[in-house]
4 protein chains.
Amino acid sequence: MATKTAPDSSRRSERSRRAIYDAALALISEIGYSKTTIEGIAARAGVGKQTIYRWWSSKGEVLLEAFLDLGERNAAAAAEAAGVDPADARHIPDTGDLAADLKYVLRATVDELSDPAFEAPYRALAAEGMVNREVSERYVEKLLEPGLQLYAARLRAAQEAGDVRADVDPRIGLELFVSPLAQRWLQGTGELTHAYVDTLVDYALNGLSPR
Amino acid sequence: MATKTAPDSSRRSERSRRAIYDAALALISEIGYSKTTIEGIAARAGVGKQTIYRWWSSKGEVLLEAFLDLGERNAAAAAEAAGVDPADARHIPDTGDLAADLKYVLRATVDELSDPAFEAPYRALAAEGMVNREVSERYVEKLLEPGLQLYAARLRAAQEAGDVRADVDPRIGLELFVSPLAQRWLQGTGELTHAYVDTLVDYALNGLSPR
Amino acid sequence: MATKTAPDSSRRSERSRRAIYDAALALISEIGYSKTTIEGIAARAGVGKQTIYRWWSSKGEVLLEAFLDLGERNAAAAAEAAGVDPADARHIPDTGDLAADLKYVLRATVDELSDPAFEAPYRALAAEGMVNREVSERYVEKLLEPGLQLYAARLRAAQEAGDVRADVDPRIGLELFVSPLAQRWLQGTGELTHAYVDTLVDYALNGLSPR
Amino acid sequence: MATKTAPDSSRRSERSRRAIYDAALALISEIGYSKTTIEGIAARAGVGKQTIYRWWSSKGEVLLEAFLDLGERNAAAAAEAAGVDPADARHIPDTGDLAADLKYVLRATVDELSDPAFEAPYRALAAEGMVNREVSERYVEKLLEPGLQLYAARLRAAQEAGDVRADVDPRIGLELFVSPLAQRWLQGTGELTHAYVDTLVDYALNGLSPR
DNA sequence: CAGTAAACGAGACGGTACGTCACGTCTTCAG
DNA sequence: CTGAAGACGTGACGTACCGTCTCGTTTACTG
C-alpha cells in the first residue's frame with residue numbers, strides 16, 4: 001500500500017545520472033553551493049527537473065552522491081594509473097617511522113584541501129552535513145569514517161610495534177592531529193602549511209608536558 | 001551625490017532591534033536555520049522588512065549579531081548573578097593543576113554544547129560561517145577567537161609554571177584538545193562525554209608515545 | 001520508410017477501447033472535464049498512455065468518441081426496450097398537431113439536459129467544440145446535425161400539411177425554438193422549464209406581431 | 001480571522017493592470033486561449049506572476065476583466081468619437097419600424113462577430129463561461145445581460161406601439177432572433193450573413209404558421 | 001513647541017526557484 | 001510482437017521569498 005509507488009531503479013537512465021553529477025559539481029565550483037539550484041542543475045544537465053526529484057530528495061543529497069561518485073572515479077583512476085590494487089591505494093604507508101608516515105599523509109591532505117576544484121564542493125558538503133541530519137549521516141559514514149579508519153589502523157600497527165602506548169584509544173588518539181587540521185580548514189581559524197601539520201604530529205605523539 | 005545615504009544609526013529603534021534578535025533566535029530554534037526567512041523574522045518581530053534590510057545585509061548577519069547579543073546578555077547575567085566582575089567571568093581557572101583546570105572547562109563546554117537552546121543557532125552559525133566569507137570572519141573574530149585566547153593564556157601560564165614545555169606554541173597546543181571536541185560536535189563523528197574530554201586532555205598533555 | 005507506421009486498426013483491442021470510454025466518461029462526471037487528464041484516463045482504464053495516443057490525438061477526441069459511443073448504446077438499448085426499429089427511435093412524432101409534437105420533444109429534451117449524468121460531459125464537449133476546430137466539426141456533424149435534421153424533416157412534413165408557410169426555410173425555422181433552448185442551457189441565461197419550451201413553440205409558430 | 005489577508009486594492013498598480021489586460025488580449029488573439037498561460041501573460045506584461053495571482057484567481061477571470069475593460073474603453077471611445085452621451089451609445093434605434101431596427105442592429109452584430117480581433121477572446125470567454133461557474137455568472141451579468149436588456153426594452157416599446165402582441169414576454173421573444181445568431185456563431189452550425197438575420201427577424205415577428 | 005526629516009510598519013512589486021503535475025515520446029519487459 | 005507500465009525532456013502550475021520600492025504614520029531632533 002505504497003503512497004507513491006517508488007520509481008523502478010532498473011529503468012534508470014545512466015546517462016542522466018552522469019550528466020546530473022557533472023552538472024552539479026561544475027555549478028558548485030563555478031557559482032558556489034548556495035547559488036546552485038536544482039533548476040540550474042537540470043538545465044545544465046539537459047534533464048527534466050522531475051528526473052532529479054525522482055531519484056533524490058534534496059540538493060544536499062545530489063551533491064553528496066555526486067561527490068561520492070567523483071571520489072570513486074578518482075580512486076579507480078589513480079589506482080589504475082599507479083598499476084596498484086585499488087584496495088591498497090588509500091593505505092597510510094608504514095615505513096616503521098610513525099611520525100614520518102603521518103606527516104607524509106597529512107601534508108598530502110593539506111595539498112588536497114588547498115585544491116580549489118576540491119574545496120568548493122567538499123566544503124559545501126561539510127556545511128550541509130552540519131545542519132542536515134540525513135546528509136550528515138551518509139557524509140560521515142561514506143566519506144569521513146573510511147579516512148579515519150586508515151589512521152586508526154596505522155595507530156594500531158604502531159601500538160604493536162611499541163611506538164604508541166598500549167592504553168591509547170586509537171579512535172581518540174587520531175583526533176589529536178586530524179581534528180585540528182579539519183577545524184582550521186573548515187572554520188578558517190589558522191593557516192594550513194606543511195610546517196603546521198609537522199608540529200601537530202610532534203605535539204600529538206610527544207604531548208605538551210615536559211618529559 | 002551619495003550613492004545610498006547611509007542610515008542614521010542614532011535614530012535607530014532599539015525596540016525593533018531587540019524584537020528582531022528575539023524573533024530570529026526563536027525561529028531558528030523552532031524551525032531551523034534554513035527554513036527561517038527574513039520575511040518570517042520581520043513578521044514575527046512585528047517589523048517591516050525594510051527595517052531589517054536597512055541594518056543588515058543577510059540572514060547570516062542577523063543571526064550572527066543576534067547570537068553575539070545573546071552571548072553578551074548571558075555573560076552579563078551570569079556575572080551579575082555570581083557577583084563577579086564581568087571581565088573575569090570567562091577566565092579559565094588556574095588552580096595550579098593544568099589538567100584539572102582544562103578538564104573542568106571542557107566538561108562545562110560539553111554541557112553547554114548539549115543544550116538544545118544553544119545548539120540550533122550556534123550550529124547554524126558555524127555552518128553559515130563555513131560557506132560565507134563575511135560571516136566567517138566575524139564569527140571567528142567575535143566568537144571563536146576570544147574563547148581560544150583564554151586557552152592560550154592558560155597554556156602560557158602553565159609554561160611559566162613549567163607544566164608545559166617552553167618550546168610549545170600555545171596556539172597550536174590548545175588545538176589538540178579543543179579541535180577534537182569541535183569536530184565531534186559539528187560533524188557528529190563521535191559522542192561528547194565528560195570521560196571523552198578527560199581522555200583528550202590526558203593524551204594532549206602526555207602525548208601518544210610511551211614516555 | 002514510413003513516416004509513422006500507422007496503427008493497424010484490425011488488431012485494435014476492443015477491451016481497451018471500452019475501458020477508455022468508460023473511464024473518460026466516469027472521470028468527466030466525477031471531477032469535471034478540465035481536471036480529467038489523459039494520464040488519469042489511462043490509469044483508470046488500466047491501459048498504457050500510448051494506447052490512448054495511438055488512437056486519438058487529444059482529450060477532446062476521446063471524449064467526443066466516448067460520447068458518441070454512449071449515445072449509440074443508449075439509443076440501441078432504448079429501441080430494444082421499446083421493441084422498435086432503431087431507425088425509428090429518434091423520430092419526432094407526427095400526430096398532425098405540429099405544436100404538440102414539438103412541445104413533446106422539447107420537453108423531453110429539457111428533461112434530458114437536466115440529467116446530471118448527461119450534463120457534465122455534454123457541456124464539456126460543447127465548450128471544447130467552441131474552441132477546437134477539429135472537435136467542433138465532428139461534434140456538429142455527428143451529434144448536432146442529426147438532431148437538427150429531425151426537426152427539419154418534421155417542419156417539411158408540416159409544410160406539406162399546410163401547417164407551416166411554404167416559403168419558410170426549415171433549417172432556419174427550427175432555430176427559432178431550438179437555439180433559445182440551447183443558449184439557455186449553455187450560457188445559463190435563463191431557466192429551463194416545460195412552460196418555457198411551450199412558450200417558445202407558440203411564439204415561433206405564431207410570431208410576435210399581432211395577427 | 002482572515003486566512004489570507006486580502007490585498008490592499010488602494011495600492012494596486014494601475015500600470016500593471018493595464019499591461020496585464022493588454023498582454024492577455026494580445027496572447028489570446030495570437031496563440032489562442034488554451035495556449036495562453038498565466039506565465040506567458042506575466043512575461044509579456046513585464047510583471048511578476050504573483051501580481052496576477054494576487055488580483056485574479058484564474059486565467060478565465062483575467063480574460064473576463066480584460067474583455068470588460070476593452071469593451072468599456074471601446075464604448076467610451078466610440079461615444080466620444082460620435083460626440084454622443086455614452087449612455088445613449090448602446091441603444092437600439094427606434095425609428096418606428098421594429099423589423100428594420102432589429103435588422104440594423106443584428107447586421108451590425110454579425111459584422112462585429114466576424115472581426116477576428118474580437119472573435120478569439122470573446123469565443124474563448126464564452127467557452128470558459130460554459131464550464132466555469134464563477135466566470136459564467138460574471139460573464140452573463142456583465143456582458144450578456146446588458147445587451148439582452150436593450151432588446152427587451154425595444155420590444156416593450158414596440159408593444160406600446162402595438163407592433164408586438166401585448167401578451168408576449170419580451171425576455172423570451174428576443175431569444176427568437178438573438179439565440180439562433182448566438183448558436184450559429186458559437187457552434188458553427190451555419191453561416192452568418194445579413195440575409196440570415198433579416199430572415200430571422202421576419203420569421204420571429206410573423207411566425208412560421210400561415211397567417 | 002511646532003516643523004520636519006528620518007525611521008518605521010506595511011505590503012505591492014518584478015523576479016527566481018521551489019516542488020508538483022501532466023504533457024506527448026520513447027524504452028523495457030511480460031504475456 | 002502487442003500493450004501495460006512508466007521513465008524521460010518539457011513546460012506550466014500555484015506558492016514562498018527575495019530585495020526594492022512606495023505608502024502613510026510615528027518619533028525625535030532642531031529652529
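In the text below, chain A, chain B and the rest are named by the order of the sequence lines, each starting its count at 1. If you're wondering where the values come from, they're calculated on a predicted model, not measured in any experiment.
For the pair A/Ile20 CD1 and F/dG9 C1', the interatomic distance rounds to 11 Å; values are reported in whole Å. Summarising the geometry, the separation between CH2 on B/Trp56 and C1' on E/dC8 is reported as 13 Å, rounded to the nearest angstrom. As rounded to whole Å, 18 Å separates atom P of E/dC18 from atom OH of D/Tyr53. The nearest whole Å value for the distance from the CD1 atom in B/Ile52 to the C1' atom in F/dC18 is 13 Å. Distance B/Ile41 CD1 to F/dC17 C1': 12 Å, rounded to the nearest Å. Atom C1' of nucleotide F/dA16 and atom CD1 of B/Ile31 are separated by 12 Å, given to the nearest angstrom.
Annotation: side chain to side chain contact (heavy atoms under 4.5 Å, CB included) contacts of C/Ser29 (sequence neighbours excluded): C/Pro121.
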Protein proximity profile, nucleotides 9-16 of chain E - base contact B, sugar-phosphate-only contact S, no contact -, cut-off 4.0 Å on heavy atoms: BBBBBBB-
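Between C/Arg17 and C/Asp69, no side-chain nitrogen of the basic residue sits less than 4.0 Å from a carboxylate oxygen of the acidic one, so the salt-bridge criterion is not met. A salt bridge is defined here as a Lys NZ or Arg NE, NH1 or NH2 lying under 4.0 Å from an Asp or Glu carboxylate O, and B/Arg138 with B/Glu141 fails to meet this definition. Ionic pairing of D/Glu30 and D/Arg44 is present here: one or more N-O contacts between side-chain nitrogen and carboxylate oxygen are shorter than 4.0 angstrom.
Mapping B/Lys59 and D/Thr36 onto DNA chain F by nearest heavy atom places D/Thr36 closer to the 5' end of the strand.
Remark: B/Thr37 OG1 to B/Lys49 NZ distance equals 9.0 Å, nearest 0.5 Å.
Around atom CD of B/Glu119, more than 12 heavy atoms belonging to other residues, nucleotides or ligands sit under 6.0 Å away.
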